[in-house]
Amino acid sequence: MSGKVLVITTGGTIAMLHDAAGGGAAPARNGNELVDGVRGLERVCPLEVHEFANLPSPAMTPRHMYDLAALVRRRLEEEAIAGVVITHGTDTLEETAYFLDLTVDSPKPVCLTAAMHAEDELGPDGPRNLMSAVRVAASPQARGMGALVVMNDQLHAAREAAKTHAANVATFQSPWWGPIGTVDDDRIIFRRAPLHRQTLWPSRLERRADLIKIVTGDDGSLIDFALSHGTDGLVIESFGRGNVPPTVMPALRRAIDRGVIIVNATRTGGRVLDVYAYDGGMVQQRRLGVIMGGELSAAKARLKLLLALNLTPAGERPQRDAVARWFDTD
Ligand code: ASP
(Lines give C-alpha, C1' and ligand atoms only; values in the text may rest on other atoms or scores of the structure.)
Protein backbone atom coordinates (compact mmCIF):
# COMPACT_ATOMS: atom_id res chain seq x y z
CA MET A 1 0.00 0.00 0.00
CA SER A 2 1.34 3.43 -0.83
CA GLY A 3 0.00 6.90 -0.29
CA LYS A 4 -2.31 8.18 2.36
CA VAL A 5 -6.04 7.83 2.77
CA LEU A 6 -8.10 10.96 3.22
CA VAL A 7 -10.96 10.38 5.68
CA ILE A 8 -13.76 12.89 5.13
CA THR A 9 -16.33 12.92 7.91
CA THR A 10 -19.88 14.14 7.31
CA GLY A 11 -21.75 12.91 10.41
CA GLY A 12 -24.28 10.12 10.95
CA THR A 13 -24.71 7.60 13.75
CA ILE A 14 -21.03 6.67 13.45
CA ALA A 15 -20.26 10.09 14.98
CA MET A 16 -23.16 10.17 17.46
CA LEU A 17 -23.50 9.51 21.19
CA HIS A 18 -26.54 9.35 23.44
CA ASP A 19 -27.58 12.85 24.40
CA ALA A 20 -29.39 12.71 27.76
CA ALA A 21 -30.93 16.17 27.38
CA GLY A 22 -32.23 15.42 23.88
CA GLY A 23 -33.38 11.91 24.79
CA GLY A 24 -31.63 10.09 21.94
CA ALA A 25 -28.55 9.84 19.74
CA ALA A 26 -27.16 13.13 18.45
CA PRO A 27 -24.03 14.35 16.64
CA ALA A 28 -21.05 14.32 19.04
CA ARG A 29 -17.68 13.14 17.70
CA ASN A 30 -15.62 15.38 15.45
CA GLY A 31 -13.54 13.94 12.61
CA ASN A 32 -10.32 13.43 14.57
CA GLU A 33 -12.12 11.86 17.52
CA LEU A 34 -13.85 9.45 15.18
CA VAL A 35 -10.61 8.30 13.59
CA ASP A 36 -8.69 8.24 16.88
CA GLY A 37 -11.40 5.99 18.33
CA VAL A 38 -10.51 3.08 16.01
CA ARG A 39 -7.72 1.04 17.56
CA GLY A 40 -4.93 0.24 15.08
CA LEU A 41 -6.29 2.37 12.24
CA GLU A 42 -3.12 4.44 12.08
CA ARG A 43 -1.14 1.24 11.37
CA VAL A 44 -3.06 0.52 8.13
CA CYS A 45 -1.68 3.52 6.25
CA PRO A 46 -1.02 7.23 6.76
CA LEU A 47 -4.27 9.14 7.25
CA GLU A 48 -5.49 12.68 6.87
CA VAL A 49 -8.82 13.73 8.37
CA HIS A 50 -11.08 16.40 6.89
CA GLU A 51 -14.27 17.25 8.75
CA PHE A 52 -16.71 18.26 6.01
CA ALA A 53 -19.79 18.40 8.27
CA ASN A 54 -21.38 16.71 11.26
CA LEU A 55 -24.90 16.17 9.98
CA PRO A 56 -27.48 13.47 10.46
CA SER A 57 -27.77 12.23 6.89
CA PRO A 58 -31.45 13.19 6.37
CA ALA A 59 -30.05 16.75 6.41
CA MET A 60 -27.71 16.07 3.46
CA THR A 61 -28.75 17.99 0.35
CA PRO A 62 -27.66 17.72 -3.28
CA ARG A 63 -25.75 20.96 -2.67
CA HIS A 64 -23.75 19.21 0.10
CA MET A 65 -23.18 16.27 -2.26
CA TYR A 66 -21.98 18.60 -5.00
CA ASP A 67 -19.55 20.39 -2.66
CA LEU A 68 -18.35 17.02 -1.35
CA ALA A 69 -17.81 15.78 -4.91
CA ALA A 70 -15.83 18.93 -5.75
CA LEU A 71 -13.63 18.33 -2.69
CA VAL A 72 -13.09 14.66 -3.53
CA ARG A 73 -12.29 15.43 -7.17
CA ARG A 74 -9.76 18.09 -6.14
CA ARG A 75 -8.03 16.04 -3.44
CA LEU A 76 -7.81 12.87 -5.56
CA GLU A 77 -5.70 14.79 -8.06
CA GLU A 78 -2.95 14.84 -5.43
CA GLU A 79 -0.43 12.10 -6.04
CA ALA A 80 0.05 11.56 -2.29
CA ILE A 81 -3.57 10.50 -1.83
CA ALA A 82 -4.32 6.85 -2.60
CA GLY A 83 -8.04 6.97 -1.90
CA VAL A 84 -10.83 8.55 0.07
CA VAL A 85 -13.11 7.31 2.85
CA ILE A 86 -16.31 9.19 3.60
CA THR A 87 -18.16 8.57 6.86
CA HIS A 88 -21.87 9.27 6.53
CA GLY A 89 -25.26 8.54 8.04
CA THR A 90 -26.83 5.37 6.71
CA ASP A 91 -30.22 6.93 5.91
CA THR A 92 -29.12 8.67 2.72
CA LEU A 93 -25.70 7.09 2.24
CA GLU A 94 -26.73 5.35 -0.97
CA GLU A 95 -27.69 8.72 -2.49
CA THR A 96 -24.38 10.40 -1.69
CA ALA A 97 -22.53 7.27 -2.83
CA TYR A 98 -24.32 7.28 -6.18
CA PHE A 99 -23.86 11.05 -6.58
CA LEU A 100 -20.10 10.59 -6.08
CA ASP A 101 -20.08 7.61 -8.43
CA LEU A 102 -21.55 9.86 -11.13
CA THR A 103 -19.36 12.87 -10.49
CA VAL A 104 -15.88 11.59 -9.57
CA ASP A 105 -14.04 10.07 -12.52
CA SER A 106 -10.74 9.31 -10.77
CA PRO A 107 -9.76 5.61 -10.68
CA LYS A 108 -8.77 6.02 -7.03
CA PRO A 109 -11.10 4.34 -4.52
CA VAL A 110 -13.93 6.33 -2.96
CA CYS A 111 -15.40 4.35 -0.04
CA LEU A 112 -18.45 5.32 1.99
CA THR A 113 -19.03 3.83 5.37
CA ALA A 114 -21.25 4.30 8.40
CA ALA A 115 -22.65 2.64 11.51
CA MET A 116 -26.01 1.29 12.57
CA HIS A 117 -25.03 1.36 16.26
CA ALA A 118 -23.43 4.37 17.88
CA GLU A 119 -20.20 4.07 19.81
CA ASP A 120 -21.98 4.00 23.20
CA GLU A 121 -24.55 1.33 22.20
CA LEU A 122 -24.00 -2.41 22.63
CA GLY A 123 -22.02 -3.75 19.68
CA PRO A 124 -21.00 -0.58 17.84
CA ASP A 125 -20.22 -1.42 14.20
CA GLY A 126 -18.64 1.90 13.25
CA PRO A 127 -15.01 1.15 14.22
CA ARG A 128 -14.91 -2.10 12.26
CA ASN A 129 -16.60 -0.50 9.24
CA LEU A 130 -14.19 2.43 9.29
CA MET A 131 -11.20 0.08 9.54
CA SER A 132 -12.51 -1.90 6.54
CA ALA A 133 -13.20 1.23 4.52
CA VAL A 134 -9.66 2.55 5.07
CA ARG A 135 -8.22 -0.82 4.04
CA VAL A 136 -10.31 -0.78 0.86
CA ALA A 137 -9.46 2.85 0.06
CA ALA A 138 -5.75 2.04 0.39
CA SER A 139 -5.92 -1.09 -1.74
CA PRO A 140 -4.90 -1.22 -5.40
CA GLN A 141 -7.67 -3.79 -6.09
CA ALA A 142 -10.33 -1.15 -5.40
CA ARG A 143 -9.08 1.17 -8.14
CA GLY A 144 -11.53 1.70 -10.98
CA MET A 145 -14.51 0.34 -9.03
CA GLY A 146 -16.25 3.69 -8.65
CA ALA A 147 -17.80 4.71 -5.35
CA LEU A 148 -18.16 1.75 -2.98
CA VAL A 149 -20.32 1.21 0.08
CA VAL A 150 -18.20 -0.62 2.67
CA MET A 151 -20.42 -1.99 5.43
CA ASN A 152 -20.61 -5.17 7.48
CA ASP A 153 -17.56 -6.69 5.72
CA GLN A 154 -19.19 -6.30 2.30
CA LEU A 155 -18.44 -4.14 -0.73
CA HIS A 156 -21.39 -2.79 -2.71
CA ALA A 157 -21.35 -0.83 -5.95
CA ALA A 158 -22.88 2.60 -5.40
CA ARG A 159 -25.44 2.22 -8.18
CA GLU A 160 -26.86 -0.97 -6.67
CA ALA A 161 -26.48 -0.38 -2.92
CA ALA A 162 -29.60 0.21 -0.85
CA LYS A 163 -30.42 0.54 2.84
CA THR A 164 -32.93 -2.28 3.25
CA HIS A 165 -33.57 -2.41 7.01
CA ALA A 166 -34.08 0.37 9.55
CA ALA A 167 -31.99 -1.22 12.30
CA ASN A 168 -30.03 -4.33 11.27
CA VAL A 169 -26.25 -4.08 10.74
CA ALA A 170 -26.69 -6.07 7.50
CA THR A 171 -28.91 -3.29 6.18
CA PHE A 172 -26.88 -2.52 3.03
CA GLN A 173 -27.66 -4.88 0.20
CA SER A 174 -27.49 -4.79 -3.57
CA PRO A 175 -30.94 -6.23 -4.33
CA TRP A 176 -30.94 -8.75 -7.21
CA TRP A 177 -27.19 -8.38 -7.80
CA GLY A 178 -25.40 -8.93 -4.50
CA PRO A 179 -22.18 -7.43 -3.15
CA ILE A 180 -19.24 -7.09 -5.53
CA GLY A 181 -16.72 -8.12 -2.91
CA THR A 182 -15.84 -8.63 0.70
CA VAL A 183 -13.38 -7.50 3.34
CA ASP A 184 -11.94 -10.57 5.05
CA ASP A 185 -9.86 -9.11 7.86
CA ASP A 186 -7.00 -7.41 6.00
CA ARG A 187 -7.82 -8.96 2.62
CA ILE A 188 -9.90 -7.15 0.04
CA ILE A 189 -11.58 -9.61 -2.29
CA PHE A 190 -13.52 -8.57 -5.40
CA ARG A 191 -15.69 -11.02 -7.33
CA ARG A 192 -17.00 -8.64 -10.00
CA ALA A 193 -16.69 -5.03 -11.14
CA PRO A 194 -19.29 -2.37 -11.92
CA LEU A 195 -19.87 -1.89 -15.65
CA HIS A 196 -20.95 1.08 -17.76
CA ARG A 197 -20.08 3.83 -15.31
CA GLN A 198 -20.97 7.36 -16.37
CA THR A 199 -19.62 10.76 -15.36
CA LEU A 200 -21.74 13.92 -15.29
CA TRP A 201 -20.06 17.00 -13.85
CA PRO A 202 -22.08 20.19 -14.34
CA SER A 203 -20.34 23.47 -13.55
CA ARG A 204 -23.14 24.41 -11.14
CA LEU A 205 -26.36 23.05 -9.63
CA GLU A 206 -29.18 25.49 -10.15
CA ARG A 207 -32.02 23.61 -11.81
CA ARG A 208 -34.44 21.61 -9.74
CA ALA A 209 -35.51 17.96 -9.95
CA ASP A 210 -38.28 16.52 -7.81
CA LEU A 211 -39.61 13.04 -7.09
CA ILE A 212 -43.23 11.95 -6.81
CA LYS A 213 -44.38 8.51 -5.73
CA ILE A 214 -47.39 7.34 -7.73
CA VAL A 215 -50.05 5.51 -5.71
CA THR A 216 -53.26 3.65 -6.49
CA GLY A 217 -56.09 6.06 -7.22
CA ASP A 218 -53.57 8.81 -8.05
CA ASP A 219 -55.11 11.73 -9.95
CA GLY A 220 -51.82 13.42 -10.88
CA SER A 221 -52.47 16.44 -8.67
CA LEU A 222 -49.00 16.27 -7.08
CA ILE A 223 -47.48 16.46 -10.55
CA ASP A 224 -49.49 19.63 -11.16
CA PHE A 225 -48.32 20.93 -7.79
CA ALA A 226 -44.68 20.34 -8.79
CA LEU A 227 -45.31 22.23 -12.05
CA SER A 228 -46.74 25.17 -10.13
CA HIS A 229 -43.51 25.24 -8.10
CA GLY A 230 -41.36 25.58 -11.18
CA THR A 231 -39.69 22.20 -11.26
CA ASP A 232 -37.37 21.56 -14.23
CA GLY A 233 -37.52 17.78 -14.05
CA LEU A 234 -39.54 15.15 -12.31
CA VAL A 235 -38.99 11.51 -11.44
CA ILE A 236 -42.19 9.57 -11.03
CA GLU A 237 -41.93 6.36 -9.03
CA SER A 238 -44.20 3.99 -10.91
CA PHE A 239 -45.45 0.41 -10.60
CA GLY A 240 -43.86 -2.71 -12.12
CA ARG A 241 -42.59 -2.10 -15.66
CA GLY A 242 -43.26 1.64 -15.31
CA ASN A 243 -47.04 1.65 -15.36
CA VAL A 244 -49.20 4.33 -13.71
CA PRO A 245 -52.96 4.73 -13.26
CA PRO A 246 -54.70 6.15 -16.38
CA THR A 247 -55.75 9.16 -14.29
CA VAL A 248 -52.10 10.26 -14.05
CA MET A 249 -51.64 10.54 -17.84
CA PRO A 250 -53.24 13.99 -18.31
CA ALA A 251 -50.91 15.52 -15.72
CA LEU A 252 -47.90 13.87 -17.37
CA ARG A 253 -49.02 15.33 -20.70
CA ARG A 254 -49.36 18.81 -19.16
CA ALA A 255 -45.88 18.55 -17.63
CA ILE A 256 -44.27 17.50 -20.90
CA ASP A 257 -46.12 20.23 -22.82
CA ARG A 258 -44.56 22.72 -20.40
CA GLY A 259 -41.07 21.38 -21.15
CA VAL A 260 -40.60 19.53 -17.86
CA ILE A 261 -38.41 16.45 -18.30
CA ILE A 262 -39.99 13.31 -16.81
CA VAL A 263 -38.11 10.16 -15.83
CA ASN A 264 -39.95 7.00 -14.83
CA ALA A 265 -38.36 4.78 -12.13
CA THR A 266 -40.10 1.68 -10.85
CA ARG A 267 -40.85 0.95 -7.21
CA THR A 268 -39.90 -2.69 -7.78
CA GLY A 269 -36.48 -4.00 -8.62
CA GLY A 270 -35.83 -4.63 -12.33
CA ARG A 271 -36.11 -2.49 -15.39
CA VAL A 272 -38.73 -0.04 -16.57
CA LEU A 273 -39.71 -1.15 -20.08
CA ASP A 274 -42.32 -0.28 -22.68
CA VAL A 275 -44.19 -3.59 -22.79
CA TYR A 276 -47.70 -2.52 -21.71
CA ALA A 277 -49.84 -0.61 -24.21
CA TYR A 278 -52.91 0.07 -22.03
CA ASP A 279 -53.82 3.56 -20.84
CA GLY A 280 -51.14 4.42 -18.26
CA GLY A 281 -48.72 1.76 -19.54
CA MET A 282 -45.11 2.59 -20.41
CA VAL A 283 -45.74 2.35 -24.18
CA GLN A 284 -48.06 5.37 -24.00
CA GLN A 285 -45.79 7.23 -21.62
CA ARG A 286 -42.79 6.74 -23.87
CA ARG A 287 -44.79 8.11 -26.81
CA LEU A 288 -45.52 11.18 -24.70
CA GLY A 289 -41.79 11.63 -24.09
CA VAL A 290 -41.37 10.08 -20.63
CA ILE A 291 -37.81 8.75 -20.21
CA MET A 292 -37.36 5.19 -18.95
CA GLY A 293 -35.14 5.23 -15.86
CA GLY A 294 -33.71 1.74 -16.27
CA GLU A 295 -33.03 -0.07 -13.01
CA LEU A 296 -32.30 2.95 -10.87
CA SER A 297 -34.22 3.51 -7.67
CA ALA A 298 -36.36 6.63 -7.82
CA ALA A 299 -34.07 8.52 -5.41
CA LYS A 300 -30.99 7.73 -7.49
CA ALA A 301 -32.79 8.53 -10.75
CA ARG A 302 -33.68 11.92 -9.26
CA LEU A 303 -30.01 12.69 -8.53
CA LYS A 304 -28.96 11.64 -12.02
CA LEU A 305 -31.75 13.77 -13.50
CA LEU A 306 -30.58 16.71 -11.42
CA LEU A 307 -27.04 16.37 -12.75
CA ALA A 308 -28.20 15.84 -16.34
CA LEU A 309 -30.49 18.90 -16.24
CA ASN A 310 -27.64 21.04 -14.97
CA LEU A 311 -25.33 20.04 -17.82
CA THR A 312 -27.36 22.36 -20.06
CA PRO A 313 -25.79 25.84 -20.00
CA ALA A 314 -27.58 28.52 -17.96
CA GLY A 315 -30.23 30.33 -19.98
CA GLU A 316 -30.93 27.36 -22.27
CA ARG A 317 -33.78 24.93 -21.76
CA PRO A 318 -32.68 21.32 -21.12
CA GLN A 319 -33.72 19.09 -24.02
CA ARG A 320 -35.46 15.77 -23.46
CA ASP A 321 -33.17 13.80 -25.77
CA ALA A 322 -30.00 15.21 -24.24
CA VAL A 323 -31.21 14.11 -20.80
CA ALA A 324 -32.54 10.75 -22.04
CA ARG A 325 -29.13 9.62 -23.29
CA TRP A 326 -27.96 9.26 -19.66
CA PHE A 327 -30.76 6.86 -18.74
CA ASP A 328 -31.55 3.27 -19.55
CA THR A 329 -28.11 2.74 -21.00
CA ASP A 330 -27.32 -0.76 -19.84
N1 ASP B 1 -29.70 6.21 11.09
C2 ASP B 1 -28.76 7.11 10.63
C3 ASP B 1 -27.34 6.57 10.62
O4 ASP B 1 -27.21 5.40 10.62
C5 ASP B 1 -28.83 8.50 10.98
C6 ASP B 1 -28.26 9.19 9.79
O7 ASP B 1 -28.46 8.73 8.69
O8 ASP B 1 -27.55 10.18 9.99
O9 ASP B 1 -26.37 7.23 10.60
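Both counts, for ligands and for their atoms, begin at 1 and track the order of listing. What's counted below: heavy atoms across the whole structure, side chains too, no hydrogens, waters or symmetry copies.
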> With backbone taken as N, CA, C and O and side chain as the heavy atoms from C-beta onward, which portion of Ala114 lies under 4.0 Å from ligand 1: side chain, backbone, both, or neither?
Replying inline: neither
>> Ring-plane angle category for Tyr66 and Phe99, please: parallel below 30°, perpendicular beyond 60°, tilted otherwise.
In response: perpendicular
> Where is the nearest protein heavy atom to atom 5 (C) of ligand 1: which residue, which atom, and how far?
Replying inline: Thr13 OG1, 3.6 Å
> Of the protein's non-hydrogen atoms, which lies at the shortest distance from atom 4 (O) of ligand 1, and what is that distance?
Replying inline: Thr90 OG1, 2.4 Å
> Is the closest N or O pair between Met116 and ligand 1 shorter than 3.5 Å?
Replying inline: no
>> Would Ala166 count as a contact residue for ligand 1, given that I'm defining contact as a non-hydrogen atom of the residue lying under 4.0 Å from a ligand atom?
In response: no
> In Å and rounded to the nearest 0.5 Å, what is the CD to CZ distance from Glu77 to Arg75?
Replying inline: 11.0 Å
>> Check for me whether Lys304 meets the cation-pi criterion with Phe327, that is, NZ or CZ under 6.0 Å from the six-membered ring centre and within 45 degrees of the ring axis.
In response: yes
> Is there side-chain contact between Thr92 and His88, with at least one heavy-atom pair below 4.5 Å?
Replying inline: yes
>> Students should be able to answer this: which protein heavy-atom is nearest to atom 8 (O) of ligand 1, and at what distance?
In response: Ser57 N, 2.6 Å
> Quick one: does Asn129's side chain have a donor or acceptor within less than 3.5 Å of a partner on Thr113's backbone?
Replying inline: no
> Are the charged groups of Glu295 and Arg159 less than 4.0 angstrom apart, N to O?
Replying inline: no
>> Does any N or O of ligand 1 fall below 3.5 Å from an N or O anywhere on Asp91, backbone included?
In response: yes
> Is there a donor-acceptor pair closer than 3.5 Å between any side-chain N or O of Asn310 and the backbone N or O of Leu307?
Replying inline: no
> Going by distance only, is there an N or O of Thr92 that falls short of 3.5 Å from an N or O of ligand 1?
Replying inline: no
> Considering only heavy atoms of Gly12, which atoms of ligand 1 have at least one such atom less than 4.0 Å away?
Replying inline: 8 (O), 9 (O)
>> If the cut-off is 4.0 Å to any non-hydrogen atom of Pro56, which atoms of ligand 1 fall inside it?
In response: 8 (O)
